[in-house]
Student: 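What follows is a structure written as structure tokens; I'll ask about it next.
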Amino acid sequence: WVDAKRKYVFCYVLSYVFKASPWIMGYARRVADMLGCEVVFYGGGESDCIEDARKAGFEVLEQYIAPQRLVRYYLDAEYVIATGFHGTALAITLGKALSIVVNPNPTLDDRVVSLANRMGLKSRCVVCGADYEKLDLSWLRERCDIDVDCKLAAARADSLAFLRRALAEA
């Protein structure tokens, strides 16, 4: 279980759409060093991703953990790095400071990019493979203080309006 006094970056990496490793290990290390934290890694997808996290000296969680334990890791994290839609959505919902690592080919990662855009978090998207030593990460300590309920209600209203128009035209 998580020690509440411990400071860590929670790195949630699912590499089914694009190969994030080993790049993301260097990025996570840079973020953790800037924040004075260690890294807790949870991931799946490419087989070498977990091994790369171990080699980087990260604490690696077992592959299958209970949902409430996963949420606890999110809640207690100083910062979240996510590569997928659900990891990003959970970080946004919990108001966590985060980086959203996206595919270099944005058309292959459009759900995540679309979510970031709709929530006003495009600036939090970091392209996998970018030179993270040159990135301006001055926003790292900023939480995602957005009105999630308001943004989601607006997105729902937009979706319903689109569906009504589409059905009326059919």
Student: Could you give me the CA-CA distance, side-chain angles and deciding distance for T83 and Y12, then say whether side chain to side chain contact (heavy atoms under 4.5 Å, CB included) is met?
Tutor: CA-CA 7 Å; T83 60; Y12 183 29; over 6 Å; no

Student: List the residues meeting ring pair (Phe, Tyr, Trp, His ring centres under 6.0 Å) with Y74, not counting sequence neighbours, and say none if there are none.
Tutor: F10

Student: Look only at the side chain of T88 and the backbone of V112, and say whether a donor-acceptor pair between them is shorter than 3.5 Å.
Tutor: no

Student: State, yes or no, whether a side-chain contact exists between W23 and V101 at a heavy-atom distance under 4.5 Å.
Tutor: yes

Student: For L160, what residues pass the side chain to side chain contact (heavy atoms under 4.5 Å, CB included) criterion, not counting sequence neighbours?
Tutor: R156, R164

Student: Measure the shortest side-chain to side-chain distance between R111 and H86 over non-hydrogen atoms and say whether it is less than 4.5 angstrom.
Tutor: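 Heavy-atom side-chain distance check passes, below 4.5 Å.
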
Student: Test side chain to side chain contact (heavy atoms under 4.5 Å, CB included) on V126 and L135; report intermediate values, then the result.
Tutor: CA-CA 9 Å; V126 178; L135 291 174; 3.6 Å; yes

Student: Using a 6.0 Å distance limit plus a 45 degree cone around the ring axis, check whether R6 lies over the aromatic ring of Y8.
Tutor: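 Yes - R6 lies over the ring of Y8, closer than 6.0 Å to its centre and within 45° of its axis.
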
Student: Would a distance-only check, ignoring hydrogens and angles, find a side-chain to backbone donor-acceptor pair under 3.5 Å from K7 to E38?
Tutor: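 It does not hold such a pair.
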
Student: With the side chain counted from C-beta on, respond yes when V13 and S21 share a heavy-atom pair under 4.5 Å apart, and no when they do not.
Tutor: no

Student: Within the 4.5 Å heavy-atom criterion, are I81 and L98 side-chain neighbours or not?
Tutor: no

Student: Which pairs with one or both residues in residues 25-36 pass side chain to side chain donor-acceptor pair (under 3.5 Å), sequence neighbours excluded?
Tutor: Y27-S99

Student: Side-chain contact, heavy-atom cut-off 4.5 Å: M25 with F58?
Tutor: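 Side-chain contact under 4.5 Å: yes.
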
Student: Given side chain to side chain contact (heavy atoms under 4.5 Å, CB included), test F41 with I50 step by step and report yes or no.
Tutor: CA-CA 8 Å; F41 180 90; I50 293 169; 4.2 Å; yes

